[in-house]
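Everything on this sheet refers to the single structure shown next.
Just so it is clear: chains get the letters A, B, ... in the order the sequence lines come, proteins before strands, and each one is counted from 1.
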Amino acid sequence: MKEGFRQAMAWLHTWAGLIFGWLLFAIFLTGTLAYFKDEISHWMQPEIPARSVTSEASLTVAQNYLQQHAGGASRWLIDLPDAREPGLSVRWQQTPAKRGERGQFTEKLLDPQTGAEVQGRATTGGEFFYRFHFQLQMPYPWGRWLSTIAAMVMFVALISGIITHKKIFKDFFTFRPRKGQRSWLDGHNAVGVLVLPFHLMITYSSLVIFMSMVMPASILAAYNGDARAFYDEVFPASTAPERADKPAQLAPLAPLLEKAREQWSGGRVGRLTVNNPGDANASVVLVRDGADRVVHDFGSAVTFNGVTGQLLGTTPEQSLPRAIAGSFYGLHMGHFAGPVLRWLYFICGLAGTAMIGTGLVIWLGKRQLKHAKSAVMPFELRLVEVLNIASMSGLMVAVAAFFWANRVLPVDMAGRADWEVNSFFIVWGLSVLHAMVRRGRTAWIEQLALVALLFGAMPLLNAMTTPYHLGVTLAQGDWAMAGFDLTCLGSGVFFAWAAWKMQRSGQARIVIRQRAQPITLEREAN
Amino acid sequence: MLLSLLLCYGGFTALCLSMDRHHAELLGGKPTTRRRRLLKLGGWLLLVLSLWAAVSSTGWGLGLVEWCAVLMLSALLLVLLMPYRPRLALSIAALSLLVSPVAAFAQY
């Protein structure tokens, strides 16, 4: 009975893992990259300078700019720069939007030091990986549904994997390299078990994030089918006051930052909304930046009178259920993580990606052994092989191509941001074709070598196409830019090693086969 | 975070050495029952200490997250290092235990 249960779980693990493995690999890899979304965006828009100025100074710059260029607007939105996002973004809306609609905003990026407008090249930047991670480049809501289903399958695969794995504690520290299939299985188990807390957290929290989409029944039942009423209650929108149509001087905004900090015992302001600037009924809403705590707070804000600077109101403390949901959200996104912890998140994400990748390799390797002697592989195994190659090394080539497109495409090209994304998918598609044409191992080696070349040459490409090369960025201490280049160089070296390793083990196998053949021939002769 | 990383790595190495197979690989021979027990106890103690180090420096919320991250990283590092550079894996453990009082001193 016990063995039967374990076998059933092993079957579930094998097939759930195979069917969704390719998709999960892509979701995990892009999600891992999304931990450095701001740094990637910074590299992809190098024109936006990284400055270290106080929030007060950049807010004064923003206020001066908006008073000159958008004095009569009905609403301003100011996003303050932080250590990771260097741009000071200002947006304004000439006429108020109708209820339930998003208004038309004009957006400008400013240099927080000089107040001059900055024009970054058109790109989706790191946002592309973040969006792809849960929307899969599909129209709303299909991508979200598919990625949520994938998350559920991931959860099933994790649980069934734990049950299938017989000796978790006995094999806890075991990894035996250079033993073929054995090593792959060891590696799969090691990254699976050692990073298990991360895997469980990330998979479960992704289901919590999309819970209202997956299980809307409780909301619909409690609010008589009106989901909008639920959201109005959970996210009380800051309603804009009516215009008094009496002009009044807007108070300086910078001192309000200190007042907000007092309210939040040191919490940072992330965004400001100014309603009716220049009117007697002006109000300023300061929204807290969630990056200073693990438990994400959905829109904690304080409101001030825009003319007198008097405190008008604060949002209430969040309730326990929302704090729990917020902590899962916060843990998944990792906004709170400093540089060291962010790197640890990144490594954990890579470990998860590696776990899925090794699982796919094991599935194929086990079945290939049976057909090792025959020259042709059955169609289904060949299909899995092609998909394995394209979904793993092909995806890496596509990621590298996305970064290359950012530097190679002309800066003033029309539809530039779209073409960056297109080149990602075109290259990914080409990798499928390549995997179909070439034999399995050769395809792996060639694609890995290409990835190594593309990533390894990234600092060189950056130096040739922009003035922000490693010599400059390291000297300036612009760690996001320099870190990107260095990480690319490092991954280039790693992929070169992987390609070399693959080629060598391929040759070793041929030698063994050639040695084995005469023996069998001799036996047959006898 | 550094202190709890050092303690975690030391703790995992001790736990690893308390298992017959790994003890034979790394130090040669089977450990005596007494030694196995000591290593096991010491390993768990170090892990608990590292939790305390993480929580006491940044509070429960962030401390627990950091501790989990450090826990996973140190175990991963040890497991990947052992088959390739067993001596290095052991010397890092010894070094991290030696350095940890200094790190503790720097933290407080």
Side-chain angles (χ1 to χ4, degrees), chain A residues 35 167 169-179 182-183 186-202 205 291-297 323-324 326-328 330-352 354-355, chain B residues 1-6 8-27 36 39-40 43-44 47 50-51 54-55 57-86 89-90 93 103:
Chain A
Y35 280 126
K167 301 178 281 184
F169 293 105
K170 216 172 159 205
D171 278 348
F172 195 81
F173 296 107
T174 308
F175 175 55
R176 290 157 285 189
R178 304 181 205 97
K179 292 231 172 83
R182 183 74 251 173
S183 308
D186 274 353
H188 183 68
N189 289 342
V191 284
V193 172
L194 298 177
V195 194
L196 189 63
F198 174 80
H199 299 322
L200 288 176
M201 178 278 283
I202 213 76
S205 60
D292 55 350
R293 294 181 304 169
V294 177
V295 179
H296 185 84
D297 195 339
I324 292 172
S327 67
F328 276 116
L331 278 174
H332 190 102
M333 302 286 177
H335 287 314
F336 60 88
V340 178
L341 196 54
R342 187 161 294 276
W343 272 103
L344 293 187
Y345 256 108
F346 186 74
I347 292 171
C348 286
L350 287 184
M355 174 178 71
Chain B
M1 200 158 161
L2 177 69
L3 177 60
S4 81
L5 175 69
L6 296 174
C8 253
Y9 187 84
F12 270 128
T13 314
L15 282 180
C16 177
L17 284 175
S18 77
M19 293 162 91
D20 289 351
R21 176 152 46 113
H22 299 296
H23 191 278
E25 275 169 12
L26 292 170
L27 297 174
R36 192 162 50 215
L39 281 168
K40 203 162 244 171
W44 282 110
L47 290 188
S50 78
L51 171 63
V55 170
S57 70
T58 48
W60 278 103
L62 194 57
L64 270 180
V65 177
E66 286 187 351
W67 184 66
C68 284
V70 160
L71 203 66
M72 293 187 273
L73 180 81
S74 54
L76 203 61
L77 186 70
L78 177 67
V79 169
L80 290 184
L81 216 53
M82 252 190 329
Y84 296 100
R85 297 268 180 281
L90 277 184

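Ion pair A:D171/B:R21 flagged as a salt bridge, since at least one NZ, NE, NH1 or NH2 atom sits closer than 4.0 Å to an Asp/Glu carboxylate oxygen.
Rounding to the nearest 0.5 Å gives a distance of 10.0 Å between CG of B:L76 and CZ of A:F175. Atom SG in A:C348 sits 7.5 Å away from atom CG in B:L73 (nearest 0.5 Å). Atom-to-atom distance recorded for B:C16:SG and A:F172:CZ is 10.0 Å, nearest 0.5 angstrom. Here the CZ-CD distance, from A:R176 to B:E25, works out to 9.0 Å after rounding to the nearest 0.5 Å. The distance from the CG atom of A:L196 to the SG atom of B:C68 is 11.0 Å, given to the nearest 0.5 Å.
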- request: Begin from the C-alpha positions of B:M72 and A:V195 and carry the test side-chain contact (heavy atoms from CB on, under 4.5 Å) through to its verdict.
  value: CA-CA 5 Å; B:M72 293 187 273; A:V195 194; 3.7 Å; yes

- request: Evaluate side-chain contact (heavy atoms from CB on, under 4.5 Å) for B:Y84 paired with A:R178, printing each intermediate quantity in order.
  value: CA-CA 10 Å; B:Y84 296 100; A:R178 304 181 205 97; 3.6 Å; yes

- prompt: Given B:L71 and A:L194, is the side-chain contact (heavy atoms from CB on, under 4.5 Å) satisfied, shown in steps?
  reply: CA-CA 9 Å; B:L71 203 66; A:L194 298 177; over 6 Å; no

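Between A:F173 and the choices B:L78, B:T13, B:L17, the side-chain contact (heavy atoms from CB on, under 4.5 Å) rule is met once, by B:L78.
Nearest approach of A:L344 to B:V70, heavy atoms of both residues: CD1-N, 4.4 Å.
In this structure, the portion of A:F336 lying under 4.5 Å from any heavy atom of chain B is its side chain and not its backbone. Neither the backbone nor the side chain of B:L64 has a heavy atom closer than 4.5 Å to any heavy atom of chain A. Contacts between A:S327 and chain B at a heavy-atom distance below 4.5 Å are absent for every atom of the residue.
For the pair A:T174 and B:V79, the minimum side-chain heavy-atom distance is 4.5 Å or more.
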